[in-house]
Every structure is written in C-alpha cells, then in structure tokens.
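Take a look at the structure below.
Quick caveat, the model's predicted, so the values are computed rather than measured. Hydrogens, waters and symmetry mates are skipped; everything else that's a heavy atom, side chains included, is used. Whatever order the structure lists them in is the order used to number ligands and atoms, beginning at 1.
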Amino acid sequence: MSFAASVLTLYPEMFPGALGLSLAGRALEAGTWSLEAIQIRDFATDRHRTVDDTPAGGGAGMVMRADVLAKAIDHASPPGDERPRLLMSPRGKPLTQARVRELAAGPGVVIVCGRFEGVDQRLIEARELEEVSIGDFILSGGEPAALVLLDAVVRLLPGVMGNAVSGEEESFENGLLEHPHYTRPQDFEGRSIPDVLISGNHKKIAEWRRSEAEKLTRERRPDLLRAQPLVK
Ligand code: SAH
C-alpha cells in the first residue's frame with residue numbers, strides 16, 4: 001500500500017516540482033507514493049470559473065469560496081477516505097517531526113493550498129480541516145508549504161532513504177539539534193577535524209556528539225529542552 005497525496009491547488013503545475021527529483025522523485029517513480037494535483041478552479045460553477053470573492057465585512061484582498069472548495073475536497077476525498085485533510089495555513093499548528101512521522105505512518109494526505117487572504121472559515125469547520133503551519137512567516141500561497149510537508153513525509157516512507165539509521169539520529173528525533181558534521185580533507189584552510197572524531201574510539205565519539213548536540217540545543221533552541229525533558 002503506497003502513500004497517496006492529493007493536493008488541491010490553483011497551481012497544479014507547481015507539483016511535483018522539486019519532489020519530482022532526487023529521493024522523492026525516485027520514490028514517486030517507483031510507486032512508493034503517489035501524487036495527484038487537483039485544480040480547484042475545475043469545481044467552480046459560474047462562467048468565469050470564480051474561486052474567490054471579496055471578504056465579508058470589507059477589507060483588502062480576496063477569500064477563497066467555501067462552496068467551490070467543498071466540491072473539490074469532496075471529489076478528492078469521498079466518504080470513507082481515511083486520509084487526514086490538511087489546510088496549509090500560517091494560523092495552523094506548527095509542523096513538527098512528530099506529526100510528520102504520524103502522517104508518514106498513515107495512508108496519505110489530502111492537502112488544501114490557500115491563496116489570497118485565505119479560505120472561508122465555514123469550509124475549515126465543515127470539512128474538518130487540520131490547519132498546519134510551516135513557520136511564523138507568510139507565504140504567497142500554500143503550495144510551497146505543501147511541498148515542504150510532503151518532502152518531510154516522503155523521506156520517511158519505507159525504502160526511500162538509503163541509510164535508515166541516518167533518519168533516527170537527526171535533529172528533533174531525540175529532542176535535540178544534531179551535532180556538527182565533518183569530512184575530508186583533514187585540513188581545511190587551517191581548520192582541522194576535532195581529534196576525537198579521528199580517534200577511532202566509538203564510545204568517546206558518541207559522547208562528544210551527544211554533548212555537542214546538547215550545547216547547540218541549549219544555545220539555539222532552549223525551547224526544545226523545555227518541551228521535552230531529557231531522559232537519556
Ligand atoms: N491572510 C493570511 C495569510 C494568507 S497567505 C493571514 O494573515 O493569516 C496565503 C496562503 O498561503 C494561506 O492561505 C496558506 O495556504 C499559505 N501560507 C502562507 N503562509 C503559510 C505558512 N507559514 N504555513 C503554511 N501555509 C502558509
């Protein structure tokens with residue numbers, strides 16, 4: 001059973017985009033996951049194929065219509081579809097590696113990409129959309145956010161990453177940022193690789209990496225330490 005992604009967008013040409021290359025692209029070709037980009041405009045009912053309208057209460061910009069989006073969602077995700085329905089949104093819960101893992105373990109996702117000022121609130125409620133943010137900044141549309149989310153999910157699908165171990169030691173997987181990396185040459189512009197890493201002492205190396213990871217996390221992301229008290 002492969003992971004099935006359906007993306008509802010006004011710009012289906014943006015998909016698979018970057019996900020057609022490299023690891024994700026190969027996995028897409030191999031059928032490890034599938035991607036369907038659905039044009040929301042195809043579900044408009046008027047002659048001009050309108051998908052947005054002016055905001056109730058006035059103000060700048062346009063709002064995506066609930067009725068058109070509902071038709072698109074019902075087409076992409078008919079009753080019985082077990083996949084979570086997400087709405088990319090700066091007001092959403094920030095995406096975490098834990099949520100990415102959950103999604104990767106499931107049957108797939110249906111993702112709605114917003115444009116303009118966003119979507120009619122009644123649509124979010126009526127179709128029980130889970131709002132997901134990729135960070136505290138504003139994009140011009142949900143498409144790059146959907147690509148980011150799918151990239152994070154797809155690399156966790158079985159068989160996508162060559163070296164499965166590397167996934168488990170990465171930033172966030174154990175509540176810490178990852179330790180620094182080095183590779184040849186041994187001398188780079190007068191900077192050398194830390195001695196411990198070429199000592200061959202695996203216990204010492206593991207200790208050094210752990211302590212570097214803790215130091216880095218304390219300096220840059222103390223919030224991660226507070227969120228998840230270290231047990232190891
Ligand atoms: N007026 C809105 C921003 C709209 S941006 C507000 O102030 O909250 C247009 C669309 O881009 C959104 O509907 C959403 O789908 C997408 N988007 C923008 N920033 C995003 C973010 N940080 N994470 C996820 N999606 C985002």
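Atoms of ligand 1 found under 4.0 Å from any heavy atom of Ile134, numbered from 1 in the order shown, are 23 (N), 24 (C). When each atom of ligand 1 is checked for a heavy atom of Glu117 under 4.0 Å away, the hits are 1 (N), 2 (C), 4 (C). Remark: ligand 1 atoms within the under-4.0 Å shell around heavy atoms of Ser133 are 22 (N), 23 (N), 24 (C). Counting the atoms of ligand 1 from 1 in the order shown, those under 4.0 Å from a heavy atom of Val132 are 24 (C).
Checking only distances, Ser140 never comes within under 3.5 Å of ligand 1, N or O to N or O. When only interatomic distances are considered, the shortest N/O to N/O separation between Ser89 and ligand 1 falls below 3.5 Å. Considering backbone and side-chain N/O atoms, Gly118 never comes within less than 3.5 Å of an N/O atom of ligand 1. Taking only nitrogen or oxygen atoms, main chain and side chain alike, Ala145 does not reach within less than 3.5 Å of ligand 1.
The neighbour count for His181 NE2, taken as heavy atoms of other residues, nucleotides or ligands under 6.0 Å away, is above 12. The local environment of CD in Glu29 is sparse, with at most 12 non-hydrogen atoms from other residues, nucleotides or ligands closer than 6.0 Å. Under a cut-off of 6.0 angstrom, the local environment of CD in Gln186 is crowded, with over 12 non-hydrogen atoms contributed by other residues, nucleotides or ligands. In the displayed structure, Glu13 atom CD is contacted under 6.0 Å by more than 12 heavy atoms of other residues, nucleotides or ligands. Within 6.0 Å of atom CG in Asp46, more than 12 heavy atoms from other residues, nucleotides or ligands are found, so the atom counts as buried in its surroundings.
Under the 4.0 Å criterion applied to side-chain N and carboxylate O atoms, Arg210 and Glu207 are not assigned as salt-bridge partners. Here Asp74 pairs with Arg127 in a salt bridge; the nearest charged N to carboxylate O distance falls below 4.0 Å. A salt bridge links Glu173 with Arg101: the closest approach of a Lys/Arg side-chain nitrogen to an acidic carboxylate oxygen falls below 4.0 angstrom.
Ranking protein heavy atoms by distance to atom 4 (C) of ligand 1, first place goes to Phe116 O, 3.5 Å. Looking from atom 13 (O) of ligand 1 to the surrounding protein, the closest heavy atom is Gly114 CA, 3.4 Å. With respect to atom 18 (C) of ligand 1, the closest heavy atom belonging to the protein is Leu139 N, 3.3 Å. Protein heavy atom at the shortest distance from atom 14 (C) of ligand 1 is Met88 O, 3.1 Å. For atom 7 (O) of ligand 1, the nearest non-hydrogen atom of the protein is Ile138 CD1, 4.3 Å. Atom 26 (C) of ligand 1 has Pro90 CD, 3.6 Å as its closest protein atom, hydrogens excluded (heavy atom only).
When every heavy atom of Leu123 is checked against every heavy atom of Ala66, the shortest pair comes out as CD2-O, 3.7 Å.
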